[in-house]
K.L.:
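After the structure tokens below, expect a handful of questions from me.
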2 protein chains.
Amino acid sequence: MSVAAINYDLSMGRWEPDARGRLEQAALALYAERGFEQTTVAEIAKRAGLTERTFFRYFADKREVLFWGAGSLQEFLVGTLASAPDSAAPIDAVAAALEAAGALLQERREFSLKRQAVIAANTGLQERELIKLASLASAMAEALRRRGVRDPAASLTAEAGIAVFRIAFDRWINESSQRDLPQFIRESLDDLKAVTAGR
Amino acid sequence: MSVAAINYDLSMGRWEPDARGRLEQAALALYAERGFEQTTVAEIAKRAGLTERTFFRYFADKREVLFWGAGSLQEFLVGTLASAPDSAAPIDAVAAALEAAGALLQERREFSLKRQAVIAANTGLQERELIKLASLASAMAEALRRRGVRDPAASLTAEAGIAVFRIAFDRWINESSQRDLPQFIRESLDDLKAVTAGR
DNA sequence: ATAGTGATGGCAGCAACTGACATCACTTGT
DNA sequence: ACAAGTGATGTCAGTTGCTGCCATCACTAT
């Protein structure tokens, strides 16, 4: 293992900044190299210059380290949704928020590719991703309710939005074409509208 | 603990029939009584008159014991979808299959209530449920493709169907009204159609 | 009877995760 | 400058989920 592959060095003591970030980087690198199951938490911690116990202070479990960004993504979506014009139909407000979020994700395509490859290789990680998406749906449904949308429409709109996002994201990751993620989202929404219209 | 609460007796040797069923019943009972995390696999096995090692021969992990039925549900859905008339629009064929499956679930409402209460109390179990639903969606998408539906439409239709089912099932479980689950599904689909039409 | 077969038990071991407590680096008040 | 305080980290022991390996049991076929 080359020294360059390690993201700490011996001159670091305790209290080196950004322990969480170092753990995230170390985990993603190791999961990508050897696979999720073949990586122990102790190895991640060691690579980050910390101990296993400290890992579990930052992340609830071995999987969560890949999903720390979900929180800020959720905040962004809810915020964008809340500031949409009142005139927008709920489904379009949701789509607009997802497109904006997609534009952000797009800026880190390399990272997204690497991360998704790791997740795709392990069912436990897929489970975690699904519950994060479900959490996003709940948060968006709540934001819609604050806009006066009633249930079940609010929940259905949010769930439909997440379905659209999932399909669009999947195509963005797996198709070599360099098209825009927001563009994929728009197209998927149009497809959903066609499909639910019985076409 | 009363003797009646135990689903084996000392006259049983090895080779008593339906080990899997006994494990399922024991697990659901214990998860409902003390909660999922407070129940050890050893306790489940003991209650079923077996050992921990045997539990893991029947179920891949402690959560899976609650989801054994998902396989047959998936077969049923795919079969029903495959035998829908060619004239039916994809979304309506999916809805019809889901309604038929809902009619089956309805026959065991007590069991469904108990099981959902256990799942609702634990995020790990919710994760597992989500991936089972995602698997259902994949299987339905594949069935649609065999009907000639192309791909983003097939995936989107299946995902939308699962979203409809989730919302309908949730209402069926949590609303005291004794309305039909298939009826909830129809209504949720209508809501989705309205919502995606921009209303 | 004997050998074979499939289900089960027993045991050792690893890794994920947790609680309790010690220790260190840095800050604050005086 | 020094002591007390604070928050992040280390250390260690323990539980539990889960797996591999081999022995054992009940039953079946020849």
Side-chain angles (χ1 to χ4, degrees), chain A residues 7-28 30-31 33-68 118 121-128 131, chain B residues 7-28 30-31 33-68 118-119 122-128 131:
Chain A
N7 45 16
Y8 76 101
D9 71 62
L10 297 178
S11 69
M12 286 169 43
R14 288 173 161 187
W15 278 254
E16 208 60 23
D18 199 20
R20 162 167 273 130
R22 269 151 51 214
L23 287 167
E24 285 178 338
Q25 289 186 23
L28 179 59
L30 287 172
Y31 293 169
E33 278 176 25
R34 342 181 169 169
F36 176 77
E37 289 178 350
Q38 286 66 44
T39 304
T40 69
V41 174
E43 290 168 343
I44 298 169
K46 185 176 181 183
R47 181 155 179 162
L50 296 165
T51 62
E52 188 180 7
R53 190 66 185 87
T54 298
F55 177 96
F56 286 111
R57 288 203 178 91
Y58 282 100
F59 304 102
D61 58 51
K62 191 185 168 187
R63 287 175 276 167
E64 195 66 15
V65 66
L66 285 179
F67 298 90
W68 178 247
V118 169
N122 181 269
T123 57
L125 292 172
Q126 292 164 34
E127 290 183 342
R128 182 57 50 86
I131 207 171
Chain B
N7 44 16
Y8 77 101
D9 70 60
L10 297 178
S11 68
M12 288 170 39
R14 290 173 161 186
W15 278 257
E16 208 60 23
D18 198 21
R20 163 167 272 131
R22 270 150 51 213
L23 287 167
E24 285 178 339
Q25 288 185 23
L28 179 59
L30 287 171
Y31 292 170
E33 278 175 25
R34 343 181 169 169
F36 176 78
E37 288 178 351
Q38 285 66 45
T39 304
T40 69
V41 175
E43 290 168 343
I44 298 169
K46 184 176 181 184
R47 180 154 179 162
L50 296 165
T51 64
E52 187 180 7
R53 190 64 188 85
T54 298
F55 177 96
F56 285 111
R57 288 202 179 90
Y58 283 100
F59 303 103
D61 59 50
K62 191 185 167 187
R63 286 174 278 166
E64 195 67 15
V65 66
L66 285 180
F67 297 90
W68 177 247
V118 168
I119 293 174
N122 182 270
T123 56
L125 292 172
Q126 292 164 34
E127 290 183 341
R128 182 57 51 85
I131 207 171

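Note on naming: letters A, B, ... go to the chains in the order of the sequence lines (proteins, then strands), and numbering restarts at 1 for each one.
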K.L.:
For the side chain of A:A19, counting heavy atoms from C-beta on, which of C:dC17, D:dT9, D:dC18 is nearest?
P.N.:
D:dT9
K.L.:
Does the side chain of A:Y58 get closer than 4.0 angstrom to OP1 or OP2 of D:dT9 through an N or O atom?
P.N.:
yes
K.L.:
Please give me the minimum heavy-atom distance between A:K62 and A:T39, naming the atom from each residue.
P.N.:
NZ-O, 2.7 Å
K.L.:
How long is the line joining CD1 of A:I44 and C1' of C:dA16, in whole Å?
P.N.:
11 Å
K.L.:
I'd like to check B:R128 versus B:L66 (side-chain heavy atoms, cut-off strictly below 4.5 Å). Are they in contact?
P.N.:
no
K.L.:
Cation-pi check, B:R63 to B:Y31: give yes when NZ or CZ is under 6.0 Å from the six-membered ring centre and within 45° of the ring axis, no otherwise.
P.N.:
no
K.L.:
I'd like to know if B:R57 reaches the base of C:dG9 with its side chain, counting only an N/O donor and acceptor under 3.5 Å.
P.N.:
yes
K.L.:
Once you round it to whole Å, what is the distance between C1' of C:dG9 and CG of B:L23?
P.N.:
14 Å
K.L.:
Provide, to the nearest angstrom, the distance between the CD atom belonging to A:E64 and the C1' atom belonging to C:dA16.
P.N.:
15 Å
K.L.:
What's the closest nucleotide to the side chain of A:R53 if the choices are C:dA16, C:dG19, D:dG17?
P.N.:
C:dG19
K.L.:
Between B:T51 and A:V41, name the one whose nearest nucleotide on DNA chain C is closer to the 5' end.
P.N.:
B:T51
K.L.:
Nearest-Å distance, CD (B:E43) to P (D:dT16)?
P.N.:
8 Å
K.L.:
If you compare all heavy atoms of A:L28 against all heavy atoms of A:V118, which two are closest, and at what distance to 0.1 Å?
P.N.:
CD1-CG2, 4.2 Å
K.L.:
Taking CD from B:E52 and P from D:dG17, how many angstroms apart are they, rounded to a whole number?
P.N.:
7 Å
K.L.:
Figure out the CG/C1' separation between A:D61 and C:dC17, and round it to whole Å.
P.N.:
9 Å
K.L.:
Which listed nucleotide (D:dT19, C:dT8, D:dT16) is nearest to the side chain of B:T40?
P.N.:
D:dT16
K.L.:
Here's a test for you: under side chain to side chain contact (heavy atoms under 4.5 Å, CB included), which of A:R20, A:E64, A:R22 qualifies with A:Y58?
P.N.:
A:R20
K.L.:
What is the nucleic acid contact for B:A42, judged by heavy atoms within less than 4.0 Å: base, sugar-phosphate only, or nothing?
P.N.:
nothing
K.L.:
Round to the nearest Å and state the distance from B:E37 atom CD to C:dT18 atom P.
P.N.:
9 Å
K.L.:
Using atom CG of A:L30 as one end and atom P of C:dA16 as the other, report the distance to the nearest whole Å.
P.N.:
12 Å
K.L.:
For A:F55, report the nucleic acid contact type (base, sugar-phosphate, nothing); a contact means any heavy atom under 4.0 Å.
P.N.:
nothing
